[in-house]
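Everything on this sheet refers to the single structure shown next.
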Amino acid sequence: RYRCNDCKKTMISERNLLTFSSKKEMSSWFKFIESLLDGDSIKVSAEKANISRRTAFRWRHKVMYIMNKKMNKKVLSGVVTLDETLFSNKYKSRMINSVSTIKKRGMSNDKINVTCAIDDFDNAIIKVADTGRVTSATLINIYSGNIDQSATVVSDSLRSYHKLMSHLKVDWIKIPSKKKSLGSYTLEPINSLHALLKDFIYKYKGISIKYLQGYLALFEYQRKNR
């Protein structure tokens, strides 16, 4: 701890670091992070790191918060494939210890819209967008400054993309509805990313929108650091 000679207040130099305010040994942190990257449950991670489940829950989201600060920072270039995918807004009930799931089919405000983009160099942007149908304003906020003007963007013909592409000032390959390709351009890269993401999120069985971005960052960290 340090103390200011003028105001006599004390302070520490570790604020905003992963281990800030932690009373546990670093060995517990190492075991916990290894368990998190292995895809273990909160219960298993707590046992491996010799901590309580409540502490394991807080540590999981603390690690994912830092991951989210580091991911989605690349400027995408070359051929960029862009599309959205939907997740049910699930939440866990403390009273009955179960998972509630919205059962409406198709597009609705009960679905969480996650927008994804991936380029030729395997760099990706994966972010929670809106509930229900994504808007142009949200897409512009997410991708502004994150896609190079020299890029060629491949996407479907969603109406919200028109304002986005005009804002980004990029070449836009618009694949017609109900088709997956146009000439040599295809949506396969983004569809493959969606499939991997769906499999990853399914394992956790109940993620609320409050924490979803952290899990998206964990997915991208694991994908880039296999």
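Throughout, residue positions are numbered sequentially from 1 according to the sequence presented.
Heavy-atom minimum distance, Gly39 versus Tyr204: CA-OH, 4.0 Å.
For residues 135-164, the set of pairs meeting the salt bridge (Lys or Arg N to Asp or Glu O under 4.0 Å) definition, not counting sequence neighbours, is empty. Residue pairs meeting the ring pair (Phe, Tyr, Trp, His ring centres under 6.0 Å) criterion with at least one member in residues 128-164, sequence neighbours excluded, are His162-Trp172. Listed by first and then second residue, the salt bridge (Lys or Arg N to Asp or Glu O under 4.0 Å) pairs involving residues 17-45 are Asp40-Lys48 (not counting sequence neighbours).
Contact check for Leu197 versus Phe87: side-chain heavy atoms found under the 4.5 Å cut-off. No side-chain heavy atom of Leu216 sits less than 4.5 Å from a side-chain heavy atom of Lys127. Leu164 places none of its side-chain heavy atoms less than 4.5 Å from the side chain of Ser136. Using a 4.5 Å heavy-atom cutoff, the side chains of Leu218 and Gln222 are in contact.
With hydrogens and angles ignored, the 3.5 Å screen pairs a side-chain donor or acceptor of Asn225 with a backbone N or O of Tyr221. Asn113 places no side-chain N or O within donor-acceptor distance of the main-chain N or O of Glu84, the cut-off being under 3.5 Å. With Ser45 contributing its side chain and Phe32 its backbone, the two residues share no donor-acceptor pair below 3.5 Å. Listed for the Ser160 side chain is a donor-acceptor partner under 3.5 Å among the backbone atoms of Val134. Between the Lys70 side chain and the Ala217 main chain, no donor and acceptor come within less than 3.5 Å of each other.
Ala151 is linked by a side chain to side chain contact (heavy atoms under 4.5 Å, CB included) to Val80, Ile147, counting only residues two or more places apart in sequence or in another chain. Contacts of Lys198 classified as side-chain hydrogen bond (donor to acceptor under 3.5 Å, both in side chains), with partners at least two apart in sequence or in another chain: Thr85. Among residues two or more places apart in sequence or in another chain, the salt bridge (charged side-chain N to carboxylate O under 4.0 Å, His left out) test is passed with Arg58 by none. With sequence neighbours left out, Thr81 forms a side-chain hydrogen bond (donor to acceptor under 3.5 Å, both in side chains) with no residue at all. The ring pair (Phe, Tyr, Trp, His ring centres under 6.0 Å) search around Tyr211 returns Phe57, His61, not counting sequence neighbours. For Ser77, the side-chain hydrogen bond (donor to acceptor under 3.5 Å, both in side chains) test picks out no residue, with sequence neighbours left out. Residues satisfying the side-chain hydrogen bond (donor to acceptor under 3.5 Å, both in side chains) criterion with Tyr215, sequence neighbours excluded, are Arg60.
A continuous path of Ile, Leu, Val, Met, Phe, Trp and Tyr side chains, each step under 4.5 Å between heavy atoms, connects Met71 with Leu196, placing both in one hydrophobic cluster. Residues Val44 and Tyr202 fall into different hydrophobic clusters, defined by Ile, Leu, Val, Met, Phe, Trp and Tyr side chains chained together at heavy-atom separations under 4.5 Å. In this structure, Val75 is not a member of the same hydrophobic cluster as Val153, with clusters built from ILVMFWY side-chain heavy atoms closer than 4.5 Å. Leu82 and Phe121 are not part of a single hydrophobic cluster, where members link through side-chain heavy atoms under 4.5 Å apart. Under the 4.5 Å side-chain heavy-atom criterion for Ile, Leu, Val, Met, Phe, Trp and Tyr, Ile201 and Ile209 are members of the same hydrophobic cluster.
Taken from CE in Met64 to NZ in Lys62, the straight-line distance is 13.5 Å, to the nearest 0.5 Å. Taking CG of Leu168 as the start and CD of Gln149 as the end, the distance is 8.5 Å to the nearest 0.5 Å. To the nearest 0.5 Å, atoms CG (Leu37) and CZ (Arg226) are separated by 14.0 Å. The CG atom of Asp122 sits 8.5 Å away from the CG atom of Leu193 when rounded to the nearest 0.5 Å.
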Subject >> Val114 and His194: CA distance, side-chain angles, deciding distance, side chain to side chain contact (heavy atoms under 4.5 Å, CB included) verdict >> reply: CA-CA 10 Å; Val114 174; His194 286 170; over 6 Å; no
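For Asn50, the CG atom counts as loosely surrounded, since its 6.0 Å shell holds 12 or fewer non-hydrogen atoms of other residues, nucleotides or ligands.
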Taking only distance into account, with no hydrogens and no angle test, what donor-acceptor pairs under 3.5 Å do side-chain atoms of residues 174-192 form with protein atoms, sequence neighbours excluded?
residue: Thr186; atom: OG1; partner: Lys180; partner atom: O; Å: 3.3
residue: Thr186; atom: OG1; partner: Glu188; partner atom: N; Å: 3.1
residue: Glu188; atom: OE2; partner: Ser192; partner atom: OG; Å: 2.9
residue: Asn191; atom: ND2; partner: Leu187; partner atom: O; Å: 3.3
residue: Ser192; atom: OG; partner: Glu188; partner atom: O; Å: 3.0

Pair up each side-chain donor or acceptor in residues 2-10 with any protein partner under 3.5 Å, not counting sequence neighbours, and list the distances.
residue: Lys8; atom: NZ; partner: Asn5; partner atom: O; Å: 3.0
residue: Thr10; atom: OG1; partner: Arg1; partner atom: NH2; Å: 2.9

